[in-house]
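Shown next, in structure tokens, is the structure this report addresses.
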There are 2 protein chains.
Amino acid sequence: METHAEEDYLKAIYSISENGPAAVSTKEVAEYINSKPSSVTDMIQRLSAKKLVDYKKYKGFTLTKKGKEKALLIIRKHRLWELFLVEHLNFSWSEVHEVAEQLEHVSSPLLVNRLDAFLNYPVRDPHGDIIPDINGNLRDDDTIVLTEVPNKKTCFVTWIKDSSSEFLTYLDQVNIGLDTEIKILESYPYDRSIKVKIPRKSAITLSEKVCKNLYVRLNEN
Amino acid sequence: METHAEEDYLKAIYSISENGPAAVSTKEVAEYINSKPSSVTDMIQRLSAKKLVDYKKYKGFTLTKKGKEKALLIIRKHRLWELFLVEHLNFSWSEVHEVAEQLEHVSSPLLVNRLDAFLNYPVRDPHGDIIPDINGNLRDDDTIVLTEVPNKKTCFVTWIKDSSSEFLTYLDQVNIGLDTEIKILESYPYDRSIKVKIPRKSAITLSEKVCKNLYVRLNEN
DNA sequence: TAAAAATTTTAGACAAAGCTAAATCTTTCA
DNA sequence: TGAAAGATTTAGCTTTGTCTAAAATTTTTA
């Protein structure tokens, strides 16, 4: 049985380690969950005793297999609730996160799985993030980063990696959102920007920074 | 901002005081929430400092107006979630309670009110209990206890007070449930039992104990 | 009505989870 | 390479909420 606080730590460690393979530091976690490095050390030692993280003093820590599984099941709950709130209770993107943070700690496998069924076994949450399945596995699909799409190909946005409001505002301005169709017209190796076409809009140029935060599925064929 | 434990105490005190107007004792609360009288004293003193209960040492305690409001808002959440679980996630009566105990502590007025709207502003939960409204008011209706229905009258079950599985099993056996139509055929003052008729069933006799736990609405006229 | 029984409160401990300040490692770079 | 600087850990304290055992109070009953 894990406590609320322990679950928050597992989720934080998982999210931080998605950015790279390195061990996670107390400082990173403290910043992530708005706490202090000394508090993090305390908790990491508890999690280490429970075999949820591998920990070497002064060297950082990583999730064990068991810790990673638990983290993914929490993320599963979070994303299913987010989808429920947006699709059925008319929540907007900005209202959803805080409430899902609370709902993700409700412990009832029956509830999660019934909710999954109610939502029709969705693969992605409202942000396009993949929802781990009942066993905590990430169902991978054919999503790739926009920078990897070849010239002249058409693709569809499936995931928006940077969920900052600045980026979302920018995307609104250029008429890009989840499922938007994008055709690559030309790429400029000099600064790695690309020119693209969105149906019924004039062509625009996207910077490397933008492309790196847009993930897409290639048109079938 | 109330904590999880404080909310459980408020709800317990409210539920216990529904049985009568007397002040509530530490022993009663301890039994209700599976705890010890000394722990209850501690918490009551905290709640008293927050003006959520009126407390006189050795004399028991009652909810203040503020305490009662908070209790009713928690009960509102509990009952709305129960209804959601039964109506939309296919939970059975017996599975519902434990999960609703957790969901009732999720703190988001927006969430509760959106859920209320999603369920179409229901008046009663799956047990027939009245759902307090957005201001914590109990919408009273024309429900009365079965013992008060006059001879020869017909009525409909609206609320099952005793929700023990023993009672629910008994009700199944005699084909009584929420909304069942019951006609009073005859009453026996000797032991206060009554003979009743349910459509398409043979007449049966209900003991005083059973009648006291069945609440009904009189047929219009 | 006074002693026994029951209930309630206090006192002292404990665990979880957080914090600050001080001590201890690592890393950096002059 | 050997101080500084930076990061991490430890030590000690705080709050919430629980418990047991002992003390205080109320209720029961003989």
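If you're wondering where the values come from, they're calculated on a predicted model, not measured in any experiment.
The shortest side-chain heavy-atom distance between B/Asp191 and B/Ser207 does not fall under the 4.5 Å cut-off.
In the set C/dA17, D/dG17, D/dT20, the nucleotide with an atom closest to the side chain of B/Lys36 is D/dT20.
Atom CG of B/Leu47 is separated from atom C1' of D/dT16 by 12 Å (rounded to the nearest Å). Separating the CG atom of A/Asp8 from the P atom of C/dA16 is a distance of 17 Å, rounded to the nearest angstrom. As a whole-Å value, the separation of B/Met43 CE from D/dT18 C1' is 10 Å. The distance from atom CD of A/Glu7 to atom C1' of C/dA17 is 15 Å, rounded to the nearest whole Å.
A rotation axis mapping the C1' atoms of four pairs onto the next four is fitted at both ends of the helix from C/dT1-D/dA30 to C/dA30-D/dT1 over five pairs, and the angle between these axes is 10° to 10 degrees.
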Worked check of side chain to side chain contact (heavy atoms under 4.5 Å, CB included) between A/Arg76 and A/Val112: CA-CA 8 Å; A/Arg76 167 173 163 82; A/Val112 191; 3.8 Å; yes

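Judged by distance alone, the side chain of A/Ser35 and the main-chain N or O of A/Glu31 form no donor-acceptor pair under 3.5 Å. At least one donor-acceptor pair under 3.5 Å links the side chain of B/Lys77 to the backbone N or O of B/Glu104.
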So if I define the base as every atom that isn't primed, P, OP1 or OP2, how would nucleotides 3-10 of chain C read as a B/S/- string at a heavy-atom cutoff under 4.0 Å? ----SBBB

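No donor-acceptor contact under 3.5 angstrom links the side chains of B/Thr3 and B/Arg46, judged on distance only.
Between B/Arg46 and the phosphate of D/dT16, there is no side-chain N or O to OP1/OP2 separation shorter than 4.0 Å.
Classified by interplanar angle (parallel below 30°, tilted 30° to 60°, perpendicular above 60°), the ring pair B/Trp81/A/Trp81 is perpendicular. Ring planes of A/Phe84 and B/Phe84: tilted class, angle from 30 to 60°.
Taking every heavy atom of both residues into account, A/Phe167 and A/Asp162 meet most closely at CD2-O, 3.2 Å.
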